[in-house]
*Asks:* 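Below: one structure in structure tokens.
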Amino acid sequence: MSGPAAGTAVAATTTDVVCLGESMVTFLPSQPGRLADVPSFGRGIGGAESNVACALAAAGHRAAWVGRVGADGFGDHLVETIGSYGVDTSAVRRDPVRPTGIYFRTATDRGTDTHEVAYYRAGSAASAMSPANVPYEELFAGRVLHLSGITAALSDDCLALLRELTTARPGRPLVSFDVNHRPHLWRGGDADASVLLELARRADLVFVGEDEAEQAWGIVGAEAIRAAVPEPAVLVVKRGSAGATVFARGLRPGPRPSNAGGAEDAEARSLDTVTHVPALHVDVVAAVGAGDAFAAGFLSATLRGLPVRDRARHGHLMAAAVLTVPGDLTEPPARDHADRLVALDDDAWGRLRLGPGWTAADRAPEEVRTP
């Protein structure tokens, strides 16, 4: 199969979000220090799209992860571990020839000069994903299809696949795209900048960090980013500790139905509303996985049809849950607990300070530590 047939219709969905991308086995250091000095590593999993799927499933949504892993023990571990979060992994394909990707990292913040990551993913099973070998019926079976720029960087075939999946056609679910610029993955030249911009402009909902937009595109500031990416109905510009700015055009209560379009839809999308939502004060344990968690929180609230401000606040809370634990994944706060925090007025929201253990379901908003 070389791609979905034109006019493909999606039946009544039983899945909220389908996430496509590479997941790898990650080896986490037993202590701080250079990779050369760390004596042993613990085993975990890592992958932007599978992280989103796991977080959504843990938050009570019907999430599926579609990927390609080797017919090896590491592939078994990935499928079993991701499935243990409640994620549907039935559409994952096994490659009889290529291995599952793995990587090692240091314990330091990935934003510092001392952070090291050693990837062993060249020629991985995931890099062989292409328009000819993915299960389109499963990919188009959800209300939302979540993708990221990491997949586009893995191989020419993977890039062709993302171009196929972001092509506008009847029956396409809402396409969520996280730019996830990873310069070290690209194959030289300036292809990363133009490709990521192209894919972002073909999506319905886009997540991009202000820092990565400057690095990849040379664009500074949320307004300038929106000018460069005008097509998506919703653009979320993540600004680190400054919060997030959301540009929404003709926003509906929830994900866009598959038959949306036409003059009425174009008119509804003609003007942006701009919403800035401050970030939370967080006692960070490990600065990994926050971007994926934010996307999961925003998507979760989108599926529930919540207002823009609440979508971004749920993103911040999901990110805070991950930032206050050592790994990329954690149990999110209970929905009613998160909803209580999201409903706080602006002053109370600004005073929140979240530390390890804050997600405990029995903690009321007033019990969360404030500065």
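Being a predicted model, the structure only gives us computed values, none of them experimental.
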*Asks:* Taking the basic N atoms (NZ, or NE/NH1/NH2) and the acidic carboxylate oxygens, is any pair closer than 4.0 Å for Asp310 and Arg313?
*Replies:*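 Between Arg313 and Asp310 there is no salt bridge, as every charged N stays at least 4.0 Å from the carboxylate O atoms.
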*Asks:* For residues Thr151 and Glu22, is any side-chain donor paired with an opposing acceptor at under 3.5 Å?
*Replies:* no
*Asks:* Between Asp157 and Ser155, do the side chains contain an N or O donor and an N or O acceptor separated by less than 3.5 Å?
*Replies:*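 No, no side-chain donor-acceptor pair sits under 3.5 Å.
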*Asks:* Are Phe207 and Phe177 an aromatic pair, judged by ring center distance below 6.0 Å?
*Replies:* no
*Asks:* Quick one about Ser23 and Ser50 (side-chain donor to acceptor, distance below 3.5 Å, no hydrogens or angles considered), yes or no?
*Replies:* yes
*Asks:* Would you mind reporting whether Lys238 and His316 have side-chain heavy atoms less than 4.5 Å apart?
*Replies:* no
*Asks:* For the pair Glu80 (side chain) and His77 (backbone), establish whether a donor and an acceptor sit closer than 3.5 Å, ignoring hydrogens and angles.
*Replies:* no
*Asks:* Flag the pair Asp345 and Arg351 as a salt bridge only when some basic side-chain nitrogen lies within less than 4.0 angstrom of an acidic carboxylate oxygen.
*Replies:*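 Salt bridge absent between Asp345 and Arg351.
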*Asks:* Is the ring pair Phe298/Phe294 parallel, tilted or perpendicular, if the boundaries are 30 and 60 degrees?
*Replies:* parallel
*Asks:* Let me confirm one number: the CG-CG distance from Leu235 to Asp204, rounded to the nearest 0.5 Å.
*Replies:*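 Going from CG on Leu235 over to CG on Asp204, the span is 12.5 Å.
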*Asks:* Are Arg226 and Asp272 ion-paired here, with the side-chain N under 4.0 Å from a carboxylate O?
*Replies:*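 Judged by the 4.0 Å cut-off on N to carboxylate O distance, Arg226 and Asp272 do form a salt bridge.
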*Asks:* If you group Ile, Leu, Val, Met, Phe, Trp and Tyr whenever their side-chain heavy atoms sit less than 4.5 Å apart, what else falls in with Ile150?
*Replies:* Leu185
*Asks:* Can you tell me if Ser300 and His61 form a side-chain donor-acceptor pair at under 3.5 Å?
*Replies:*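 Per modelled atom types, Ser300 and His61 side chains form a pair under 3.5 Å.
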*Asks:* Is the closest side-chain donor-acceptor distance between Glu116 and Thr106 under 3.5 Å?
*Replies:* no
*Asks:* Determine whether the side chains of Asp178 and His146 contain a donor N or O and an acceptor N or O closer than 3.5 Å.
*Replies:* no
*Asks:* Is it true that the side chains of His314 and Asp339 contain a donor and an acceptor less than 3.5 Å apart?
*Replies:*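 The answer is yes; a qualifying pair exists.
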*Asks:* Less than 3.5 Å apart, any donor N or O on the side chain of Arg105 or Thr26 sitting next to an acceptor on the other?
*Replies:*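 Thr26 and Arg105 do not have a side-chain donor-acceptor pair below 3.5 Å.
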